[in-house]
Each structure stands twice: as structure tokens, then as C-alpha cells.
Amino acid sequence: MAKRTLVTAALPYANGPLHLGHLAGAYLPADLYVRYKRLKGEDVLFICGSDEHGVPITLAADKEGITPADVVEKFHNINKKAFAELGISFDYFGRTSSEAHHKTSQDFFKTLHEKNVFVEKSQDQLYDPKADMFLPDRYVRGTCPSCGYEEAYGDQCEKCGTSLSPTDLKNPTSVITGEKPEFRQTNHWFLPLNDFQQWLEEWIDSRKNWKGNVLGQCKSWLNEGLNERAVTRDLNWGVPVPLPGTEGKVLYVWFDAPIGYISATKEWAEQQGNPDRWKTYWQDEETELIHFIGKDNIVFHCIMFPAMLKAHGDFVLPENVPANEFLNLEGRKLSTSRGWAVWLHEYLEDFEPDLLRYVLAINLPETRDSDFSWSDFQSRVNSELADILGNFIFRTQSFLNRYFDGTIPELVNPTERDTEVLNAIAEYRDEIGKLYDGFSLKEAVLQSMNLARLGNKYFTEMEPWHLRKSDMERCGTVLHVCAQLTAALATVFSPILPSKMAVLRKELNLPDTDWNNISSTLLEAGHKIQKGTILFNKIEDETIEAQVRRLKERAGEQPASDIPELKETATFEDFMKIDLRSAEVLTAEPVPKSDKLLKLEVDIGLEKRTVLAGVAQQYKPEELIGKKVCVVANLKPRKMMGVKSQGMVLMAEDTDENLYPITTEAPVGSIIK
RNA sequence: GGCGCGGUAGCUCAGUUGGUAAGAGCGUCGGAUUCAUAACCCGGAGGUCGGCGGUUCAAAUCCGCCCCGCGCUACCA
């Protein structure tokens, strides 16, 4: 076994608050694992922090008329607070805007630069002369070459979804000044991931116990072949490139963010008064580095960051990356833009943190996407936390207080069954420990609850309420066993329910303990306990209904705001340049190897034409044949998937991306104006 | 279309180096009980393990094809 473990959880992006999906995907599993390790007395360090760079943050700032620093300050604090309240026990929660991070990531870059790892390339990029800066992709707007949408961003057209490069745009304008940008030469540094392809394949192949979903994703990327990837950008929000003559350039956020794990560890060491101590966790071969992330982050943590670390040479490589799948909400994908989410800070206004920890933990998306529903939340809390765990603890505490004056009775002549149950404590401890060690967290939680189930079964089987009248000594022995189980549960459930178990340990007058001490002798005969309280209250139907109502109302309100804003005013002349004609769809067939395109033959009166339409996901060819539709007849032809398209069939698109053909009664060839 | 992952009881999910494992919790039905938050405990019902073929003495588990869901990727003139 390694001497120590460094656990990281994905750095949350500081442009918005966190929701249940984030918690279930990375932070809760990481915290369960870390808390278990700590209870075992192992040397484990848990690092996280806010990822505060990147274009989305600058855009969010512009939108609200505040600075990027204001944006990240806001969400860094909101998220940090939510984590703290949920008991996510980071040893250090840093942020990538910190000075230490800037220095660390710059040093990292410099080392790679000095080792000639990067490829430097000069390229044309759009530059805003008035603002005196290069424009990031998202800062350029213009006409989409694909669909003609005039407000397309330089990286992607929001209208048609096409991925773009800013230089593709027609009539580009700067978002900042509205000026027409010009081309200027700019230098950038690229990490040639292709050089690492073979090493990565061998390295990943040599990994032990990686999850199938993680290996699958890695192989998918490796099969497609890795390419050079820019590690710098022209932007002024981020970590400045530490080379002369590079004003206005920063490290690309995907490059600097994972280095944030290292920076945060340094800051932690500093805070500990032992500034060099971070090295133990990042440079000693006997450290196991574990990254907890969601599946969206696999490529960064299994391909790019390892390549960076390997290229650098001074750091340990990840031992395992137990990425989770996604959590759905009430059977639907989470969507922040559609309001389909439960925010952590909102949850915390209404419920206790441990309830959510348990419900998410027992249903983590470990091997596939899983579902969170409010009714399941209620059911888990009521029938498992309250009825199984809470009930066993409380009936034991009550019985001890009522009939034994709150004192643990002697274990006298234990029966075979008594011994069996007492022995089960150590067996569960070992079994559950193995499950944690192997990242089978869900199963670990399930088995933890089974120990409480065993307690209830034993209690009922022994019927101490009868023994109390017939054989007080025997009754005491039974309650002794139940008390030991309760004490064991107080530690077994500590990773999952930290604050509730702290309360319980206090009631049991059981000082902090550790995992290895979980045994059948945690409480000695004669030990005094306090009166028990109800740890878990049941949740009423109305409470749950209110949550569901709030969720649905918010989701229902959303579409209105999704209706795109009007484009800028067009002149009559602009409009008249477009020649719209009524046309009949004569034939329609799928385009080979395309999921979206249908190849249509249309009669526009003057002639018959081939037109491609991106509607294959919603319309079968035969559904369009015979329809009289509206066609843009003078659109410049364009080749796609090897087929030349001479025009465009007009479709209306609703906010859910459903398409509706614009049909007409007019004779074929009629001008539409 | 390519690549990856998944499709197991009404619900949420375990389970694959092929063979007494077809499982758990919830829900449901029946019984027992009262120490306990009408909780606990016992028992029953309930599944062609997405579909069709194949390999094998034996397949949820391996292979092929197909259908459905999710993710990445290429084309939405």
C-alpha cells in the first residue's frame, strides 16, 4: 500500500452555482473516500478549488457589467460555503486566480517551454485595433457561413450549432467595440499530444483497477488519434504567458486548471507552516494520486494532464481516476439553462446536509447514469435513515435509558447468536473497508445500512421487552450487544453522515474513534450514555410536493426566455436580395454516413435542384415527398458530405429544436416576398 | 455514420475470468410483534436478465446482427 494518498475533486467552474449533479459526480464520492481514509488513520490530503479563468467567465462579467474578478469572487464564495455546509471536507479549497497558482502554472509552462515540449506556431487571428487586443473566439460575432445567422459567435453558431473558427465568419465584428476586426499575426504554443500517443496508450494499458467507463472513453480518444492542442490564447483574463513579448496572452484554461491542484496543495503547505510539504504529495513516488471527476472530465484527467505531468517530469501520475457518470433529475437530464436542477444552496435552505449525502451516496452514478427524484429522496430518508438506522439507534438508546439508567450492562454468558452478532461488527468493518478501498462506494453505503438492519433483526429476535420481566441479566446482555452495534454504527456511518454521527457519538459519550477500532468492545460495561434524540425526522408528503412543484414551475417558466432575440434591422434591399420560391419536394433520401442530412430533389419551376436539409433526425424522407415548401433559390451552392446543395429549405425551429417546414399552397416557382 | 458506455423484478439499482446468485432496497400481499419516529421482524407473489442468431455440456455473463437511451465525433446552405 502506498504511504499516502492525494485526492482531488474536479475544480468547479466559478461561473455559476453547483447542483446535485456536481455533488454526486465528484465531490461526495471524493469526500466519502477521504473521510474513510482519515478514519483509517491514513495520510490523505483532499484538495480542490475554484477554476476561475476562461472566456465564459469574461462573458458572464460583461453581461452583468461587472469584472471577471467580481464574478469569480461571487461564485467562489457561494460554492465554498455550500461545500462547507454539506460537509465536503477539503483540506484546502483554493482558486486559480491566486498568486500562487499564477506562479505555479507559469513555472510549469516555462519548464515545458525550456524542454522544447511545445510547438510554437504563428497564425492569423482577428484583432480589434480600437480595443488594442486580439479577440477570443467568443468575442467575435458575425454571419454564420453555415446558416446565415448574423449573430454567430466565433467558436460556434448558436443557431445551427456549427463549430466555427472566428475567421470563418462573414462580416465579423468585435463584441467589445463593434469595430470590424483585422487580421494580425499572433503566436501560440501547442502541446503536441500526438507525441504522447504511444506513451499514453502504454501507460493507460498498465493502469490497474480503472473503471470500464473510464478506460472506454480513453480508448475512444486514443483511437481517433491525438492532435496538437493550443495551450495559450489571446485574452487578458487568466494566467499571463511567462515569456517576453507575450502581452495579452494567457494560458488556456484547460492547461492551467489542473495545475490548480498543485497550486492549492502548495497554498495548503504554506498554511501549515511547512511550505515544502506539498512536494511530499506531488513528487514522492509513494503517493497515490486519485482524481474524482465526472465523466465530462475524463479526457482532461486521463489524457491531457498526465501528458503534461509526464512532459514536466517532476510529478507523480494519477493512480486512478474513478470518474462517475451523470445524475439525472426526475428522469430527465439536468439542464441549468432550462431550470431543471436542484441547486445546493437551495437544497440547504430546506433540508439537512446529511440526508442528501446519504441519498446521493446510496445511488451514485458509478457505473451508469442514475436518477434522483424527490419521491426517492423522501423514501430513502423515511424508510432507511429514519426507520432502519435511526430507529435501531433510538430504540437501543431508549431501552438503555429506561431500564438500565443509561448505563451499558454487562455481557454475561453470551449465546452463540450474541457472539455471532458481535463478530459481525468486525466482519462488516473489513468488508465495508474493502469496498471503500476499491471505490465501490455505493456498495459500501449499502453494507453500512445492512449493519443497522442486522441490529434491528437481533433486537426483535431477542425480545428484550419480555426479558426485562423474566431475566434482567439476559436482557442486559442483549442490550450490551445492541449498544456495541450502535457504537460501531457511529463510526461506520461517519463518512456518509458526518454531522449526524457526531451528534450520536456525543450522546454515547464516545470520543472520536477510528475505523480500525470498530469492534464489539467500543463501550465498556458501566459506561454512561446520554438520552438519545431522534436523529432523522420523517419528511411529509407536502414537503416533497412543494419541491417538485418548485422544480416544475421553474422549468415551465424557462422556455419563454429561450426565444432568441431579434436580429438587427435589415433593409428592404437586404431582404430583396434573397430569392424565395415555392417548390415541390420530388424525392427525398438519406445522405450516406450522415445522421442529420436528407438529400432532396425539389422542383422550383425553372428547374429541378438537389438541396440538402438537416432534418433527418426528425423527418423520414417519405414525410417530405410531395410537400410544397419554401426554398431559398439564390443561395450560393455548398458541398456537404460530398453532395452539392443548391439552396435551402426553410424550416421554423422552436425552443426545443423541433423543426416545422414552411409550406405553401402556391404553384411551384412562385416568388415569395 | 464512427467510437465509447448502458438497456436486469411495478420503481431505483447490484451482479459478467460463463456453471446452486438471477439479487438488494422500496412498493405490493399475508403473518407476527409492541422496546422504538404506526417503526421493527418473518413469509409470499413478481423477471423470456432489450431482441434475434451463434459458440459451449452450460450464457444475464463470450461472439455476430438489430432496436432503444446517454456521451464524444463528423455533415444542419
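We name chains A, B, ... by the order of the sequence lines, and we start the count at 1 in each one.
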Inset, instruction - Determine the interatomic distance between P on B/A24 and the same-named atom on B/G18; round to the nearest Å. - result: 24 Å

Legend entry - Per A/S379 side chain, nearest of listed nucleotides B/C35, B/C26, B/U37: B/C26

Inset, instruction - Output yes when at least one side-chain N/O atom of A/T367 is less than 4.0 Å from OP1 or OP2 of B/A14, else no. - result: yes

Inset, instruction - Can you figure out which of B/A36, B/C40, B/G25 approaches the side chain of A/N456 most closely? - result: B/C40

Inset, instruction - Determine the interplanar angle of the A/F392 and A/F459 rings, folded into 0 to 90°, and report it as parallel if under 30°, tilted if 30 to 60°, perpendicular if over 60°. - result: perpendicular

Inset, instruction - May I ask you to evaluate whether A/H466 reaches the phosphate of B/U33, defined as a side-chain N or O under 4.0 Å from OP1 or OP2? - result: no

Inset, instruction - Decide yes or no, distance alone: a donor-acceptor N/O pair under 3.5 angstrom between the base of B/U12 and the side-chain of A/R368. - result: no

Inset, instruction - Verify the contact: side-chain N or O of A/K333 to OP1 or OP2 of B/G71, cut-off strictly under 4.0 Å; return yes or no. - result: yes

Legend entry - Nucleotide nearest A/W465 when distance is taken to its side chain, options B/U33, B/U73, B/C13: B/U33

Inset, instruction - Please check the phosphate of B/C42 (OP1 and OP2 only) for any side-chain N or O of A/K457 closer than 4.0 Å. - result: yes

Legend entry - Nearest to side-chain heavy atoms of A/Q217, which nucleotide of B/G4, B/A39, B/C13: B/G4

Legend entry - Distance test, side-chain N/O of A/R453 to OP1/OP2 of B/C41, below 4.0 Å: no

Inset, instruction - Verify the contact: side-chain N or O of A/K219 to OP1 or OP2 of B/C3, cut-off strictly under 4.0 Å; return yes or no. - result: no

Inset, instruction - Would you mind telling me which of B/G71, B/C35, B/C41 lies closest to the side-chain atoms of A/R395? - result: B/C35

